There are 2 protein chains.
Amino acid sequence: MTELEKGPQGRRRGRGARERILTASQKLFRDQGINGTGMDQLCAAAEVSKRTLYQHFAGKDDLITEHLHRFDPDILPEVFDRTDLTPRERLLAVFDVHAPLCPFIQAAVEISDPSHPARTYARDYKKAFATRLADAAREAGADNPDRLGEQLALLLDGAAARTRVLGTDAFATAAEIATALIDAAIPATVRD
Amino acid sequence: MTELEKGPQGRRRGRGARERILTASQKLFRDQGINGTGMDQLCAAAEVSKRTLYQHFAGKDDLITEHLHRFDPDILPEVFDRTDLTPRERLLAVFDVHAPLCPFIQAAVEISDPSHPARTYARDYKKAFATRLADAAREAGADNPDRLGEQLALLLDGAAARTRVLGTDAFATAAEIATALIDAAIPATVRD
DNA sequence: GCGTAAGCACACTGAGCGGTGTACGTAGCA
DNA sequence: TGCTACGTACACCGCTCAGTGTGCTTACGC
C-alpha cells in the first residue's frame with residue numbers, strides 16, 4: 001500500500017505536516033476559538049498524527065504563537081505595497097481586507113496571561129500595524145499622520161469586535177468614518 | 001460556634017451568596033477570562049460552597065448569562081439619564097464610563113457557539129446600546145442620528161478591544177473621533 | 001539499495017473541568 | 001421551641017484536555 005495523499009477521510013497524508021497544522025489551526029481557532037479547539041480535533045482536521053504535531057510545536061502555546069505569526073505576511077503587505085493605488089486609496093483599502101474576527105484581538109481576549117508570548121506578539125503587531133498606517137498617512141500628506149494612523153487602527157479593531165458581537169459586518173461603517181477622518185486630515189491642496 | 005461573617009480566610013460567610021457569586025464572577029471573568037475561571041476557584045473567591053452556587057445557578061452557562069445581565073443597570077442608564085448634561089455632552093460622557101474589557105465583547109469571543117444565550121444577550125445589548133446612542137443623538141439635533149449612534153458604538157467597541165490588546169487606554173482616541181463626528185453631525189444652529 | 005528522517009497509530013497519564021450526592025449546621029420566623 | 005430555608009463541607013463522578021511513550025511505516029537522498 002504505497003498510496004499517499006489519500007484525501008480527506010483516509011489517514012496518512014505524508015509530508016508537509018507543519019503547513020497542514022497551521023492551515024487547520026487558522027480555520028479552527030477562528031471558528032471555535034483557541035481554547036475551544038482541542039489538540040486531538042486539530043490533528044484530525046490537519047490529518048496529522050498527534051506525535052507529529054508535538055515534533056513540530058513544543059506545545060499548544062507555541063502553536064498559538066506560530067499561528068499568529070502566520071498572519072504577518074498575509075495582512076501587512078497586501079495593501080500597503082499596492083502601487084496601483086494613491087496613498088489615500090491605500091488607507092481606505094485596508095477596510096476591505098479584513099478578517100471576520102481579528103486573530104490578534106481573539107488571542108488577547110482568550111489568553112488571560114498578559115505576558116504570554118502570543119499576547120506580546122499581538123501587541124507588537126497592532127503597534128506595527130498602526131505605524132504602517134501612520135506611514136501611509138504621512139505619504140498621503142496628512143497633518144498629524146501618527147494620530148490618523150492610531151485612529152484608523154481603532155476603527156479597524158472596532159469593526160472587527162462589533163462584527164463578532166453582532167454577527168453582521170461593521171466594516172462599512174468603519175470605512176465611512178475613516179473617509180471622513182482622512183479627508184479632514186489631508187489638506188485639499190495635497191489631495192490626489 | 002455561632003460566629004458568622006468570619007472574613008476573608010475563614011469559611012462560613014452566610015446569607016447573600018448569590019450576590020457574592022456575581023461580584024466574584026465580575027472580577028474573575030474579567031481578569032482570567034470566562035473559560036479560564038473554574039467553578040471551584042469562583043466558589044473560593046465568593047466564599048460560597050459549590051452546592052450553594054448550583055442552587056442559585058443552573059450551571060456555568062446560566063451564570064455567564066446572569067453575569068452579563070448584571071452590567072445592564074450599571075452601564076446603560078448611568079450616563080443617559082443624567083439631566084445635568086446637554087445632549088451633546090451626554091454623547092461624549094459615554095466615553096468616560098468604560099470597562100477595561102467590555103464583558104459583551106469578551107463573551108462573544110470566548111463563547112464560540114453563536115446561539116448560546118450569552119451571545120444572544122450580548123448582541124441584543126449592543127443593539128440596544130446603539131439605539132440609546134441614536135436616541136441621544138436625535139435629542140442633540142443630529143441629522144441621521146441612527147448613523148451617528150452606530151458610529152459611536154463602533155468607536156466604543158474599538159476602544160475596548162484596542163485597550164485589551166495594547167494594554168493602554170484607547171478611549172481618549174475614541175472620544176477624539178467622537179467629538180469630530182458629533183460636531184459634524186449637529187448643525188451649528190442647533191448646538192447648545 | 002540502504003540509511004535516515006519524517007510521519008503514523010494508538011494506548012496511556014495526570015490534571016482539571018463542570019456538576020452531583022449526602023449529611024450536617026445555622027439563622028430567622030412563627 | 002421547633003420548622004424551614006439557606007448555606008456548608010467534602011467526597012465523588014465522568015469527561016475532556018494537553019501531552020507522552022512505544023513501536024511501526026513510509027518517502028527521499030546518497
Side-chain angles (χ1 to χ4, degrees), chain A residues 1-25 28-29 32-67 110-113 116-118, chain B residues 1-25 28-29 32-67 110-113 116-118:
Chain A
M1 200 207 290
T2 322
E3 30 180 344
L4 198 57
E5 298 274 348
K6 271 196 171 178
Q9 77 282 26
R11 288 299 115 75
R12 201 172 305 276
R13 282 276 259 100
R15 307 293 158 107
R18 186 187 169 90
E19 212 57 24
R20 277 179 351 250
I21 293 167
L22 287 169
T23 303
S25 75
L28 288 178
F29 284 169
Q32 312 186 339
I34 297 172
N35 293 323
T37 301
M39 298 302 261
D40 289 283
Q41 187 189 6
L42 211 147
C43 288
E47 294 179 278
V48 153
S49 87
K50 218 170 173 185
R51 214 71 195 81
T52 301
L53 190 151
Y54 280 96
Q55 258 144 27
H56 282 284
F57 304 95
K60 191 175 186 179
D61 285 346
D62 183 34
L63 173 60
I64 296 169
T65 310
E66 290 301 312
H67 156 75
E110 284 211 69
I111 302 168
S112 51
D113 177 13
H116 190 291
Chain B
M1 199 205 291
T2 321
E3 30 178 344
L4 198 57
E5 298 273 350
K6 270 196 175 181
Q9 78 282 24
R11 288 296 117 72
R12 200 174 304 277
R13 280 278 259 99
R15 306 294 156 105
R18 185 187 171 90
E19 213 56 23
R20 285 191 331 262
I21 294 167
L22 286 170
T23 302
S25 76
L28 289 178
F29 285 169
Q32 311 187 340
I34 297 173
N35 293 323
T37 303
M39 297 304 259
D40 289 282
Q41 188 190 5
L42 211 146
C43 288
E47 293 179 277
V48 152
S49 85
K50 217 170 174 185
R51 214 69 198 79
T52 301
L53 190 152
Y54 279 96
Q55 258 144 26
H56 282 285
F57 304 95
K60 191 175 187 180
D61 285 346
D62 184 32
L63 174 60
I64 296 168
T65 310
E66 290 300 311
H67 157 75
E110 285 211 68
I111 303 168
S112 52
D113 176 13
H116 189 291

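As the structure is a prediction and not an experimental result, all values here were calculated from the model.
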Let me know the distance between [atom1] of [X] and [atom2] of [N], rounded to the nearest Å.
X: B:Leu63; N: C:dG19; atom1: CG; atom2: C1'; result: 13 Å
X: B:Phe57; N: C:dT20; atom1: CZ; atom2: P; result: 15 Å
X: B:Asp62; N: C:dG18; atom1: CG; atom2: C1'; result: 14 Å
X: B:Gln55; N: D:dT4; atom1: CD; atom2: C1'; result: 14 Å

B:Glu66 side chain reached by B:Arg18 side chain, heavy atoms, under 4.5 Å = yes

Considering only heavy atoms from C-beta outward, does the side chain of B:Leu63 approach that of B:Met39 to under 4.5 Å?
-> yes

Closer than 4.0 Å, any side-chain N/O of [X] to the OP1 or OP2 of [N]?
X: B:Thr52; N: D:dT8; result: yes
X: A:His56; N: C:dA6; result: no
X: A:Arg20; N: C:dC8; result: yes

Which residue, A:Thr65, A:Ile64, A:Leu22, forms the side-chain contact (heavy atoms from CB on, under 4.5 Å) with A:Phe57?
-> A:Leu22

Taking side chain to side chain contact (heavy atoms under 4.5 Å, CB included) as the test, write out the residues that go with B:Asp40, two or more places apart.
-> B:Lys50

Counting only N and O atoms by type, is there a donor-acceptor contact under 3.5 Å from the side chain of B:Asn35 to the main-chain atoms of B:Glu110?
-> yes

Could you run down the sub-3.5 Å N/O contacts of the protein with nucleotides 17-20 of chain D?
from, atom 1, to, atom 2, distance (Å)
D:dA18, OP1, A:Lys60, NZ, 2.6
D:dA18, OP2, A:Met39, N, 2.7
D:dG19, OP2, A:Tyr54, OH, 3.1
D:dG19, OP2, A:Lys60, N, 2.7
D:dG19, N7, A:Lys50, NZ, 2.8
D:dG19, O6, A:Lys50, NZ, 2.6

Where is the tightest heavy-atom contact between A:Lys60 and A:Thr37, given as atom of each residue plus distance?
-> NZ-O, 2.8 Å

